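Structure first, commentary second.
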Amino acid sequence: MEEEGDEEGEEQWDQIWNQGEQDYVAAAGSNTGGLDRMALNDNKAGMGNLDKERINKVIYEMSKGSKYYENEQRKEEQVKAKIAAQHKQIQSFDAREIEKSELQADAMLAAIEEMRDFSRTIVHIDMDAFYAAVEMRDNPSLKNIPMAVGGSAMLSTSNYEARRFGVRAAMPGFIAKKLCPDLVIVPTNFDKYRQVSKDVKEILLQYDPNMCPMSLDEAYLDITQHLAERKNFDAEQKTFRTADGEQRMFGVDAEDVVQEIRFRIEVKTQLTASAGIAPNMMLAKVCSDFNKPNGQYLIPFNRQAVMDFVKDLPVRKVCGIGRVSCSMLGAMGVVTCSDLFRKRGLLLKLYSAISFNYFLRVSAGVGSTSVQRGDDRKSMSTERTFAEINRPAELFAKCYELCEALVEDLKKENLKGKTITLKIKTIKYIVRTKAHSLLNATQDVQLLYSTARDLLRTEIRLCSPEPLRLRLMGVRMSNLSPASKSSDTQITIHQMLKKSRGEQKLPFGAVVSGADRFLSFMEQKDPYVDEDLPGANAFPDEVPHTSTEKDNTEFICPVCDEHPEDCVDLRTFNEHIDLCLFHTNDEKKEEKVEEKGEDFAFKCPVCCVVLKSPLDSFNAHVDACLNRSAIKEILSEESLSTPRKRSSGASPFPAKKPKTDGRHTLLNYFKSPK
DNA sequence: ATACATACC
DNA sequence: GACTGGTATGTAT
């Protein structure tokens, strides 16, 4: 959407259009402690009346010294280092090789020129300050006051009143409040935006059935076909009226069509949109920003017009060239698109073929003319920011929560995936990702979790004995494929378990969690009972948890995969996990893997069922047995309030305690806390 | 294949 | 005090 993080105000760029370089220089640390990336980002449009000095100072004052700011400094250093490395590389070139590269670049440019295409009319539609506009529409009292949509942690967008104060999308609410104490922050209402977006799309589809929405508030259209058909339209087909019945007839040119589209959007939604019309998507996108808000701009469909447009266009305006690329390019004197051409010899030597080709295309004003939307998603993920979590038990529980959420989403789209990626962000804002690919794609929570859990466990161990202190965790599934049904290996396990179930001691003990948010998990049906299969309900949920079973409640450690007998309550169990993390390493896991050769019938150490299945399936089974209850149990309020400590004892297990009688189940433990 | 960075909304 | 969440892709190893 146009209120994206690196974007800004929407007065015409007239002033800035021809002074990119100045802007770049001016951006460097004024009042921001020298940290360019902290500064208000105004490189895409003029923010004429803004007191940038003051705004940057406020942002800096609010941020300096924070963990966030320190991380930004770190990243800034990295970028500087990259620029320095680039500089060094540049110095190692001699003029002759640059000339040679220029010739090579010219050959590539000729090929690009060959592909230049003016046959398509591409339109980019972009709703103005979308979320804010919707909120203002539905609550007129917000209309003439500075307002933003989002929360105190982060804003999604702001209205134009607020932008005058420097309040913008991707700015934390508390800083925005500092910049503009009267700012009203309205919580996001996505359902509403989705509905409005749907209304807009309905209109757009009439001009291009293959229209490509990029988000709730923007879309690309190829109206070539419509323009051709429109020649035969009668007056009525080009006539639309306002709610008041006022009529308006539109012409047959691209600009007329876009006027019509924008008119219809406004009539239908009471919201304004801006639009760009150009021979390709790259240019159309830039154009839609040019006369924003509530305006449109067309680039004539000939080479000269395109080259004129691109000549002084700051590279930062181009979709795909962000803050960092802009800095890197700026460091070698590339600010406008024509600079990309001037420096093509150098760029060819510095950048990869992909990047260089992209730069050349940009310099020539050539972009994609095909608005086909790639309908195959590549990945799906869930991530959450939270107040610091550092205790392993809570980290594992959070991980499980995310896996559950992700699987729910996967199932909505009937997808399964092979590669699982765990993402963590420490309280210092350092982000790490760890990935592991399975042999087969899955959409099974237990299998997903068992993998994510291993990745998390490794991270916890890696920083041991220090706790892993996180502010965010995320789980992603990639390598996706459609989830066909019965071929899933999990089914095999389901069936096996069901077969043997009657003879087995039930694998799961009574499960109780003090945390409300896990109650639903506790109540959910046994994941190993597949209702779609006959006999699936032979053991309804209520039955397994007999009093006998409860008496056999076991605490399963997510680290060592054992259920130490002496863990009779959550406190001792937590101590066990901590010790376990401290004392064990991945050797144990390696051993286990070796044990499991091909074609090896293996007895689940938890539920005693003998399984003969692929390693991943077996692991899934064991992990399910191990974790179904354990992860939840350890999250009680009691456990959370237990001070975190690691004893230095040699044994990974807590001191042995006498086994309690049947009444000392987790359930009872919580019903009558000590 | 994995890790990390960049970019966009 | 306090700085998102989801997806794609490029780059390096």
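In the text below, chain A, chain B and the rest are named by the order of the sequence lines, each starting its count at 1. Small disclaimer: the values here were computed from a predicted structure and weren't measured.
Backbone-only engagement by A/Thr382 is indicated by non-hydrogen atom pairs under 4.0 Å involving sugar-phosphate atoms exclusively. Contact annotation for A/Met171: no contact, since no heavy-atom pair falls under 4.0 Å across all strands. Using a 4.0 Å heavy-atom distance criterion, A/Lys434 is classed as a sugar-phosphate-only contact. A/Thr421 comes within contact range of no nucleotide atom at all, as no heavy-atom separation falls under 4.0 Å. Nucleic acid contact for A/Ser152: none, since no nucleic acid atom lies under 4.0 Å from a heavy atom of the residue.
Side-chain proximity of A/Gln78 to the nucleotides B/dA7, B/dC8, B/dA5 is greatest for B/dA5. Side-chain proximity of A/Ser437 to the nucleotides B/dA1, B/dC4, B/dT6 is greatest for B/dA1. When each of C/dG5, C/dT4, B/dA5 is scored by its nearest atom to the side-chain atoms of A/Arg384, the top-ranked nucleotide is C/dG5. Taking every side-chain heavy atom of A/Ile354 into account, C/dT11 is the closest of C/dA8, B/dT6, C/dT11. Nearest to the side-chain atoms of A/Phe174 among the listed nucleotides C/dT4, C/dT7, C/dA2 stands C/dA2. Closest to the side chain of A/Arg377, from the set C/dG10, C/dA8, B/dC8, is C/dA8. For A/Met62, the side-chain atoms get nearest to C/dA2 when compared with the rest of C/dA2, C/dT7, C/dT4. Of the listed nucleotides (C/dA8, B/dA5, B/dC4), B/dA5 has the atom at the smallest distance from the side chain of A/Lys82. Closest to the side chain of A/Arg471, out of B/dA3, C/dC3, B/dA5, is C/dC3. Here the nucleotide nearest the side chain of A/Tyr429, chosen from B/dA5, C/dT7, C/dC3, is C/dC3.
One atom, CD of A/Glu77, and another, P of B/dA5, lie 14 Å apart when rounded to the nearest Å. Here C/dG6 presents its P atom at 9 Å from NZ of A/Lys423, a figure rounded to the nearest Å. Going from atom CD of A/Gln73 over to atom P of C/dC3 covers 16 Å, rounded to whole Å. The OH-P distance, from A/Tyr69 to C/dC3, rounds to 16 Å in whole Å. The separation between A/Tyr60 atom OH and C/dA2 atom P is 17 Å, rounded to whole Å. Atom CD in A/Glu383 sits roughly 9 Å away from atom P in C/dT7 (whole-Å rounding). Taking atom CG on A/Asp126 and atom P on B/dC8, their separation rounds to 13 Å, with Å as the unit. Following rounding to the nearest Å, A/Asp409 (CG) and C/dG5 (P) show an atom-to-atom distance of 14 Å.
In this structure, the side chains of A/Leu271 and A/Glu266 stay at 4.5 Å or more apart for every pair of heavy atoms. Residues A/Met477 and A/Thr442 have side chains in contact (heavy-atom distance under 4.5 Å, counting atoms from C-beta outward). Looking only at side-chain heavy atoms (C-beta outward), A/His124 and A/Ile277 stay at 4.5 Å or farther from each other.
Contact annotation: A/Ser379 does not reach the phosphate of C/dG6 (side-chain N/O to OP1 or OP2, under 4.0 Å). Remark: A/Thr385 is in phosphate contact with C/dG5, judged by side-chain N or O atoms under 4.0 Å from OP1 or OP2. Distances shown here put a side-chain N or O of A/Ser381 below 4.0 Å from the OP1 or OP2 atom of C/dT7. Using a 4.0 Å cut-off, no side-chain N or O of A/Ser352 falls inside it from OP1 or OP2 of C/dG10.
Annotation: of the two residues near DNA chain B, A/Val431 and A/Thr419, the 5′-most nearest-nucleotide partner is A/Thr419. Toward the 5′ end of DNA chain B lies the nearest nucleotide of A/Asn479, the other residue of the pair A/Met214 and A/Asn479 mapping further downstream. Comparing A/Tyr351 and A/Leu155, the nucleotide of DNA chain C nearest to each residue sits closer to the 5' end for A/Leu155. Nearest-nucleotide positions on DNA chain C place A/Ala153 closer to the 5' end than the other of A/Lys378 and A/Ala153.
In this structure, the ring of A/Phe190 has its center less than 6.0 angstrom from the ring center of A/Tyr131. Centroid-to-centroid, the aromatic rings of A/Tyr69 and A/Tyr60 come within less than 6.0 Å.
Figure legend: A/Lys349 and A/Phe93 shown as a cation-pi pair, the cationic atom lying under 6.0 angstrom from the six-membered ring centre and within 45 degrees of its axis.
A salt bridge between A/Glu401 and A/Arg384 is present, with a side-chain N of the basic residue lying under 4.0 Å from a carboxylate O of the acidic one.
Nucleotides C/dT4 and B/dA7 have their C1' atoms positioned 15 Å apart, rounded to a whole Å.
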